[in-house]
S.K.: 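First the structure, then my questions, so here it is.
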Amino acid sequence: MERYDARAIEEKWQAEWAREGAFAVENPAPGTEGDSRHFYMLEMLPYPSGTLHMGHVLNYTLGDVVTHFRRRNGYTVLRPMGFDSFGLPAENAAIKEGGNPLEITERNIASIENQMRRMGWAIDWTREVSAHEPTYYRWTQWLFLRLLEHGLAYRRQAPVNWCPNDQTVLSNEHVVDGRCWRCGAVVEARNMEQWFFKITAYSDELLDDLETIDWPERTKKIQRQHIGRSEGAELLFRIDELDRDVAVFTTRPDTVFGATFFVVAPESPLVDEIVDGTERADEVRAYARVAAARPTEERASREKTGVFTGRHAINPANGERIPIWVADYVLMQYGTGAIMAVPAHDERDREFAEAFELPIVPVIDDAGSLVSSGSFDGLGWREAIAAITQWLSERGRGKAAINYHLRDWSFSRQRYWGAPIPVVYCEDDGIVPVPDDELPVLLPEIENYRPKGEPPLAQATDWINVPCPRCGKPARREADTMDTFVDSSWYFLRYTDAHDESAPFDRRIADYWMPIDQYIGGIDHAKGHLLYSRFFVKALADLGLLGFREPFQRLFHQGWVKLGGKRMSKSQGGVTPDELIDRFGADPIRIYILFQGPADQDIDWTPDGIDATVRFVRRLWRVVHEAAAQPASAAGVDTPLARKAHEVIARVTDDIERRFVFNTPISAVMELINELSKAPEDPAARFAAETAVSLLQPYVPHVAEELWTVLGHARLWEEAWPVADASLLQRETIQLVLQVNGKVRDRVEVPVGLSEAELVERAKASPKVQAHLNGDEVRAIVVPDKLVNLVV
RNA sequence: GCCGGGGUGGCGAAACGGGUAAACGCGCCCGGCUUAAAACCGGGUGUCCCUCGAGGACAUGGGGGUUCGACUCCCUCCCCCGGCACCA
């Protein structure tokens, strides 16, 4: 028996798979149905901002086990790979290193590809795409133009999140606790002209369709919360002095009789209108300016501030004149940017009223019935919502309304490393799309690409100055680039048809593979990437480009790999995948990362753990070699070892297929190996060894392949998944548990299928049971073939 | 504050429809092999008690409940992790 040499074995089989293109799959030939058993397995693609860390190893090893499992169960499995190579992560890495983003990104991609090959992951490399390649971003630009044509992309002046460190606008989804998702700098509010995708047009569908997909409940919650649908009413408050109505949104129209003041957001255009020409104008404008510029974080945590405008609005319910204030606790981006304040029943309004000594009028009593509300007194508040909405609506002073927290996705970035937005600004023609046949708008090479507030592309004068595509007069290109999340909103579609030169993808091919059967990635993308991609698919379906409306049918989030209690989000000394492969080999790492516990749970990296799996692989190696010296097992051989093997086949298959758990299958095979090593000359020894190797192949594909040849076979990666023989799963005897008053007192071996009466008889025959019965009368609870409980 | 997920040996965990709690692995202890160590092999290992047995009691964050029987279901409290948070 040769020594287990991980490096030699792994290099041998990796070379073999690469030579054959073993994991490449073909699209169905045009006009054919394709394979009815096909499966699209995808893990979120990496940012090439460095090399892979142990978190990636968990993610992709999980996907690898599923890939092998499905392949061997007769599915054609599409399992591609690519790189999210544009955007902040890659560009910031380049800046940090002080080099050219293209060179650094491509160098990182090459090292990651090498790491992936060394891990032995079964990837179809023929479909590899990277977001920064012109052959890819040409189609990102093309898709943008389609969305622009249909009004789903637009440009407007709006308050946006500005990261002062990364010098760019950020989407709402990538402001985390008031800070930038990449660098952690406190985000500022700015009013700028920016590009948006109209994701809000899909608020209801994004919410409703969550019911149709198989996702973790917590992820659905995050998306529901982020969409934040709330039902209520829009009510009109009149400002006599200005001779106009102002609408407010409220979820509690039942409390309108308690509205004792009115508040306008500092950013609201209404502020100017209200104070124009009044003696308080300067004071109010000064407050509004300062308040609007305050960082969101500070604005949320501070004590209430505000100023009285001197003007009044009329409460549509009771006709009272109530003072209009400007205060920064009211947000311009939600509802109408103005609110009716009901201090008796809203905590924020109460705080404000207390701070500024404004009247507080309760309109709902402790029993939940209305008071001081005219003819509505006595009505329950829930019924009052509908009743008051209807009453005001009949009088032309309101209507039922729905509001959402979700805002349109701002996707223009004042940065270099991204897909240029393919439009031109012309003095006469305004925003002019670049014609399709001029795509891609190539990202020019420029010397100083570092962020400086102004988009770096604005300085590329040769590039930016172009004739207007429509009238030919001098015009300027858009200098902003696209958010990296635009690239990753459709990459899974490109994989299906990666080399298409006439379209981003062929609808028939995309419809064939999609939706993705199993998607795996971090929960940190719950409301960013996972929401944007859903929006893209719905929008593209509405444009007739796709025949389905959800991209990810089934979703799984792997846990974090932690070192010293901290998430590993970059490679850390001593536990980088490369160092570990060098020291132990890829197979032990793969099995280690899945054996630690449930894959959706965080795991702590421990050196002891990896030692244990190295030991297990060596033991497997030895025990299988010993079994290989035994004669071949007869088909259907019936020994305890054979039965164990069949039981393990059933358990492993069920665990992976139905339960989607990956740690217990390893335990089950360990049990089989333990039994085999205790019965090395059992007639089923060879069968048990073959079973163990075969079941473990998705986890340790290299050593399993090698051992498969030792057992006299070839090409395990194409071998059908083993099937348990049902007749050998049937037990002839069982261990009957005997309880007295619910406590276990004895266990006896009995044949299966005894009648209840026989089982009770066996129970009563046990001396240990008798010792606890004291001859008393008993009642028996019988679970056939399992347990007898005698109750005194 | 609101919402979601958790709490099981010294440690990672298992127990899937209420039916043997702790499979599998780590660590530790004893033994074998060895000049020795490593590696490897065999055995033991929840806690406590005693009369040391084919013994008993107690054990799944605390308390209570349902049940013949609860890690599992219900109520309540405590703790940990995550998401959201002036969204009217």
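Residue numbering restarts at 1 for every chain, and letters A, B, ... go by the order of the sequence lines.
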S.K.: Locate the shortest heavy-atom distance separating Asp746(A) from Ser766(A); write the atom from each residue and the value.
M.R.: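 Looks like OD2-OG, 2.7 Å.
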S.K.: Below the 4.0 Å mark, does C24(B) have OP1 or OP2 next to a side-chain nitrogen or oxygen of Asn663(A)?
M.R.: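 No, outside the criterion.
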S.K.: Among G27(B), A88(B), G83(B), find the nucleotide with the atom closest to the side chain of Ile222(A).
M.R.: G83(B)
S.K.: Look at all strands and tell whether Val330(A) reaches a base, only sugar-phosphate, or nothing, counting heavy atoms closer than 4.0 Å.
M.R.: base
S.K.: I'd like to know whether CD of Glu681(A) has more than 12 heavy-atom contacts from other residues, nucleotides or ligands below 6.0 angstrom.
M.R.: no
S.K.: On a heavy-atom basis, which atom in Thr200(A) and which in Arg407(A) lie closest, and how many Å separate them?
M.R.: CG2-C, 3.5 Å
S.K.: Before you tell me yes or no, could you show the steps for Phe196(A) and Val160(A) under side-chain contact (heavy atoms from CB on, under 4.5 Å), namely the whole-Å CA-CA distance, both residues' side-chain angles and the distance that decides it to 0.1 Å?
M.R.: CA-CA 11 Å; Phe196(A) 292 87; Val160(A) 290; 4.0 Å; yes
S.K.: Write down the distance between CZ (Arg218(A)) and P (G4(B)), rounded to a whole number of angstrom.
M.R.: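 For the pair Arg218(A) CZ and G4(B) P, the rounded distance is 14 Å.
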S.K.: Just how far is it from atom CD1 of Ile222(A) to atom CD1 of Ile523(A), taken to the nearest 0.5 Å?
M.R.: 4.0 Å
S.K.: Partners of Arg252(A) by salt bridge (Lys or Arg N to Asp or Glu O under 4.0 Å), sequence neighbours excluded?
M.R.: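 Checked Arg252(A) against salt bridge (Lys or Arg N to Asp or Glu O under 4.0 Å); matches are Asp254(A).
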S.K.: Is Arg659(A) near enough to A15(B) that one of its side-chain N or O atoms lies under 4.0 angstrom from OP1 or OP2?
M.R.: yes
S.K.: Does anything in residues 751-770 of chain A reach RNA chain B, meaning a heavy atom under 4.0 Å, and if so which residues?
M.R.: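 RNA chain B contact set from residues 751-770 of chain A: none.
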S.K.: Which heavy-atom pair separates Ala341(A) from Pro343(A) by the least distance, and what is that distance?
M.R.: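 For Ala341(A) and Pro343(A), the tightest heavy-atom pair comes out as O-CD, 3.3 Å.
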S.K.: Examine distances only and state if a side-chain atom of Thr255(A) and a backbone atom of Gly258(A) form a donor-acceptor pair shorter than 3.5 Å.
M.R.: no
S.K.: Nucleotides 41-46 of chain B: which of its N/O atoms have a protein N/O under 3.5 Å away?
M.R.:
{"residue": "C41(B)", "atom": "OP1", "partner": "Arg619(A)", "partner atom": "NH1", "Å": "3.0"}
{"residue": "C41(B)", "atom": "OP1", "partner": "Arg622(A)", "partner atom": "NH2", "Å": "2.6"}

S.K.: Less than 4.0 angstrom between a side-chain N/O of His557(A) and OP1 or OP2 of G82(B), yes or no?
M.R.: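 It does not, given that no N or O in the side chain of His557(A) lies less than 4.0 Å from OP1 or OP2 of G82(B).
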S.K.: Just jot down the side-chain hydrogen bond (donor to acceptor under 3.5 Å, both in side chains) partners of Asn674(A), sequence neighbours excluded, or say none.
M.R.: Arg619(A)
S.K.: In which ranges does RNA chain B form stems of 3 or more consecutive Watson-Crick or G-U pairs, distances under 3.5 Å?
M.R.: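 When the pairs of RNA chain B are grouped into runs of at least three, the stems are B:1-7 with B:78-84, B:10-12 with B:24-26, B:27-32 with B:40-45, B:46-49 with B:55-58, B:61-65 with B:73-77.
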S.K.: What nucleotide, of C3(B), G27(B), C86(B), holds the atom closest to the side chain of Lys304(A)?
M.R.: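 Closest nucleotide to the Lys304(A) side chain: C86(B).
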S.K.: What I want to check is whether the side chains of Tyr329(A) and Glu351(A) have a donor and an acceptor closer together than 3.5 Å.
M.R.: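 No, because no side-chain N or O of Tyr329(A) sits under 3.5 Å from a partner of the opposite role on Glu351(A).
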S.K.: Determine yes or no for a side-chain-to-main-chain donor-acceptor pair under 3.5 angstrom, with His345(A) supplying the side chain and Val363(A) the backbone.
M.R.: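 Looks like yes, one N/O pair under 3.5 Å.
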S.K.: Which part of the nucleic acid does Pro216(A) contact within heavy-atom distance under 4.0 Å: base, sugar-phosphate only, or nothing?
M.R.: nothing
S.K.: Could you check how far CG of Asp600(A) sits from C1' of C81(B), rounded to whole Å?
M.R.: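 One finds 14 Å between C1' of C81(B) and CG of Asp600(A), rounded.
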S.K.: Using the ring of each side chain (for Trp, its six-membered ring), is Phe485(A) parallel, tilted or perpendicular to Tyr532(A), with breaks at 30° and 60°?
M.R.: perpendicular
S.K.: In whole angstroms, how far is the P atom of G25(B) from the CG atom of Leu696(A)?
M.R.: 13 Å
S.K.: With a 3.5 Å cut-off and just heavy-atom distances, do the side chain of Gln225(A) and the base of G83(B) make a donor-acceptor pair?
M.R.: yes
S.K.: Rounded to whole angstrom units, what separation is found between the CD atom of Glu351(A) and the P atom of G1(B)?
M.R.: 15 Å
S.K.: Does Leu331(A) reach a base, just sugar-phosphate, or nothing at all? Heavy atoms under 4.0 Å.
M.R.: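 Base: the residue Leu331(A), judged by heavy atoms under 4.0 Å, touches a nucleobase.
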S.K.: Between Asp654(A) and Arg659(A), does any NZ, NE, NH1 or NH2 come within less than 4.0 Å of an OD or OE carboxylate oxygen?
M.R.: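 Looking at Asp654(A) together with Arg659(A), the answer is no, because their closest N to O distance does not fall below 4.0 Å.
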S.K.: Rounding to an integer number of Å, can you tell me how far Gln596(A) CD sits from C24(B) C1'?
M.R.: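 It is 12 Å, rounded to the nearest whole Å.
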S.K.: Find the distance Arg229(A):CZ to A88(B):P and express it as a whole number of Å.
M.R.: 13 Å
S.K.: Can you tell whether the side chains of Lys644(A) and Glu647(A) come within less than 4.0 Å, N to carboxylate O?
M.R.: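 Salt bridge between Lys644(A) and Glu647(A), a charged N being under 4.0 Å from a carboxylate O: yes.
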S.K.: Using whole Å, report how far NZ of Lys743(A) lies from C1' of A70(B).
M.R.: 14 Å
S.K.: Students often get this wrong, so: under 4.0 angstrom with heavy atoms, is Ser230(A) touching a base, only sugar-phosphate, or nothing?
M.R.: sugar-phosphate
S.K.: Please tell me which of the listed nucleotides, A88(B), C68(B), G25(B), lies nearest to the side chain of Arg779(A)?
M.R.: C68(B)
S.K.: Are there any protein N/O atoms within less than 3.5 Å of an N/O atom in nucleotides 19-23 of chain B, and if so, which ones and at what distance?
M.R.:
{"residue": "G19(B)", "atom": "N2", "partner": "Gln739(A)", "partner atom": "OE1", "Å": "3.3"}
{"residue": "U20(B)", "atom": "O2", "partner": "Arg747(A)", "partner atom": "NE", "Å": "2.4"}
{"residue": "U20(B)", "atom": "O2", "partner": "Arg747(A)", "partner atom": "NH2", "Å": "3.3"}
{"residue": "U20(B)", "atom": "N3", "partner": "Gln735(A)", "partner atom": "OE1", "Å": "3.1"}
{"residue": "A23(B)", "atom": "O2'", "partner": "Glu671(A)", "partner atom": "OE2", "Å": "2.9"}
{"residue": "A23(B)", "atom": "N1", "partner": "Ser667(A)", "partner atom": "OG", "Å": "3.4"}

S.K.: Is the phosphate of C86(B), meaning OP1 or OP2, less than 4.0 Å from a side-chain N or O of Arg350(A)?
M.R.: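 So the side chain of Arg350(A) is outside the cut-off, no N or O lying under 4.0 Å from OP1 or OP2 of C86(B).
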S.K.: Looking at the base of C40(B), is there any donor atom on it, or on the side chain of Arg615(A), that sits under 3.5 Å from an acceptor on the other one?
M.R.: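 In this structure, the two groups form no donor-acceptor pair.
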S.K.: Does the side chain of Ser230(A) come under 3.5 Å of the side chain of Tyr334(A) through a donor N or O and an acceptor N or O?
M.R.: yes
S.K.: Any chance you could measure Lys527(A), atom NZ, to Asn172(A), atom CG, to the nearest 0.5 Å?
M.R.: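 With rounding to 0.5 Å, NZ (Lys527(A)) is 8.5 Å from CG (Asn172(A)).
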S.K.: Touch check for Asp746(A), heavy atoms < 4.0 angstrom, all strands: base, sugar-phosphate only, or nothing?
M.R.: nothing
S.K.: In this structure, how many angstroms lie between the C1' atom of G25(B) and the OH atom of Tyr699(A), rounded?
M.R.: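 Going from OH in Tyr699(A) over to C1' in G25(B) covers 14 Å.
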